[in-house]
2 protein chains.
Amino acid sequence: MQDLLSPEKGDQAALLDRIRNLVLSGEFPPGANLPEAYLAQEFDVSRTPVREALKQLQHEGLVEIRPKVGSFVREPTRREIIELFQLKESLEGLAASLLARRGEVRELGILRRNLDDSEAAAQSRDKEAYARLVHEFHWAIVRGSDNFKLVEHYERLMNQLAYQRLVLRTVEHPGRIAASTQEHRAVLKMIEHKDPFGAESAMRNHVFASSREALATDSTSESKST
Amino acid sequence: MQDLLSPEKGDQAALLDRIRNLVLSGEFPPGANLPEAYLAQEFDVSRTPVREALKQLQHEGLVEIRPKVGSFVREPTRREIIELFQLKESLEGLAASLLARRGEVRELGILRRNLDDSEAAAQSRDKEAYARLVHEFHWAIVRGSDNFKLVEHYERLMNQLAYQRLVLRTVEHPGRIAASTQEHRAVLKMIEHKDPFGAESAMRNHVFASSREALATDSTSESKST
DNA sequence: TGAGAAGATCTTGCATGCAACAAGCCTACG
DNA sequence: CGTAGGCTTGTTGCATGCAAGATCTTCTCA
């Protein structure tokens, strides 16, 4: 990770990323207030571009703006997390299907290498590295779909899931790592076989299984069951 | 349609909708410039909230902001439309699947009534009404999924597709109407049978078929084939 | 006549100022 | 002692002013 509060001035799009990272990294935990004046001073800009960025983040679902009160980091409810995982399953399934249809592309090499690295990380109990590799595996498939609109929606989705917080917890389960790697292999195999239906199915199974784990370990907000 | 340029002052969220409608309705056609000063005067606000709204629309993919130049209505390329239809297929498939899982809910009544009305509209050759009913059918299924995040993403997707422009063209094909109604019936039947897999499959088939038609009639921008 | 450069002009991008409103505090009264 | 009402304070929401940059026009020179 790069320094998150570096005062170097950047672009206007960079400001949005900076503030988003403040939220995603947990620097500002759920419920925290994000005062415009503070952020403006911190990033050495005026309140106007900060306001624009905060509005974007509200639109992305990361921030809640209460009129005349302030901007607060939004805590996704358990129900929302379930909903987002259902979407994740669907979108990643589509991505795997599209990738399988594409044939031999550069992304396959990335995936193969990723799997080898993942197993190495699992063997050496390097949870940090493993979590990162899992993340990269999923992203490689989505990017490999060669559908940029899908990538856009997926990015939005993952931001809303605040994935960085969830993945690490999931990895705590020792049994899950082995199963997850197995499922990744199954997905890759289907893609290599150019089997769109098989790839989609394998991917969806995998996402479903891992979401079960994530939700089991999840301790988010209300216990209001669905 | 309500008056799109009424100068009555509204909320700040209403301003976003107003400008979005200007784009979606075709009042400002693809490629058109959206000058901040003009919009500010037209809606009787200052440039600041207009700027915020335009930035949102850029984020939604409807508008392109060229720095220091201006905001322009974005023309989706043919490739983007294909990508968006792939997403549409996936999301509506998910929606149908989730709805089928829910059992007898209020939405089923809406769908049944919609189908009757659709056939009536088809018989009386009322293309306008038919297009509206098709639109409502799809939305009813998405809303019936009871997954609000899905609804959010779907809304975004449909905005990007500028669906209002496309549907009417599709309906021009006389053979398509009969087939489409047939497919709608098939989807509803699967939902009534509480068959998530069947419903998803039927929905995806339907979306795929109708997207083929839409793309065949489409005359968008570059003919750069994929 | 055509091409290139310099200037004019128009638009955006951002900083700042001010008004409006919400939340918390303090006081007064029951 | 508790509660209700008004005030204070701090923050947001928006209008406006100004500077920077991009485009277009025009002038000059080959």
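Both backbone and side-chain heavy atoms feed into the values below; hydrogens, waters and symmetry mates do not. Residue numbering restarts at 1 for every chain, and letters A, B, ... go by the order of the sequence lines.
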Walk me through whether A:Ser145 and A:Tyr154 qualify under side-chain contact (heavy atoms from CB on, under 4.5 Å). CA-CA 12 Å; A:Ser145 72; A:Tyr154 186 72; over 6 Å; no

Minimum-distance nucleotide (side-chain atoms of [X] versus [options]):
X: A:Ser46; options: C:dT16, D:dC14, D:dT12; answer: C:dT16
X: B:Val69; options: D:dA15, D:dT23, D:dC18; answer: D:dT23
X: B:Lys68; options: C:dT16, D:dG21, C:dA20; answer: D:dG21

Pick one: which of A:Leu15, A:Leu22, A:Val45 meets side chain to side chain contact (heavy atoms under 4.5 Å, CB included) with A:Leu39?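 Going through A:Leu15, A:Leu22, A:Val45 one by one, the side chain to side chain contact (heavy atoms under 4.5 Å, CB included) with A:Leu39 is satisfied by A:Leu22 alone.
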
Would you mind reading off the distance between [X] atom [atom1] and [N] atom [atom2], rounded to a whole angstrom?
X: B:Lys55; N: C:dC14; atom1: NZ; atom2: P; result: 7 Å
X: B:Arg47; N: C:dC10; atom1: CZ; atom2: P; result: 15 Å
X: A:Gln41; N: C:dA15; atom1: CD; atom2: P; result: 13 Å
X: A:Ile65; N: D:dG13; atom1: CD1; atom2: C1'; result: 11 Å
X: B:Leu34; N: C:dT12; atom1: CG; atom2: C1'; result: 14 Å
X: B:Asp44; N: D:dC14; atom1: CG; atom2: P; result: 13 Å
X: A:Leu39; N: C:dA15; atom1: CG; atom2: P; result: 14 Å
X: B:Leu54; N: C:dT11; atom1: CG; atom2: P; result: 14 Å

Pairing of B:Glu42 and B:Arg18 as salt bridge, 4.0 angstrom limit: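 Result for this pair is no, no salt bridge flagged.
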
Is B:Arg132 salt-bridged to B:Glu136, cutoff N-O under 4.0 Å?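 Judged by the 4.0 Å cut-off on N to carboxylate O distance, B:Arg132 and B:Glu136 do form a salt bridge.
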
Ignoring backbone atoms, test whether B:Arg66 places a side-chain nitrogen or oxygen under 4.0 Å from the OP1 or OP2 oxygen of D:dA22.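 So the side chain of B:Arg66 is outside the cut-off, no N or O lying under 4.0 Å from OP1 or OP2 of D:dA22.
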
Within the modelled atom types, does a donor on one side and an acceptor on the other bring the side chain of A:Thr48 and the base of C:dT16 under 3.5 Å apart?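 Yes, the side chain and the base share a sub-3.5 Å donor-acceptor pair.
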
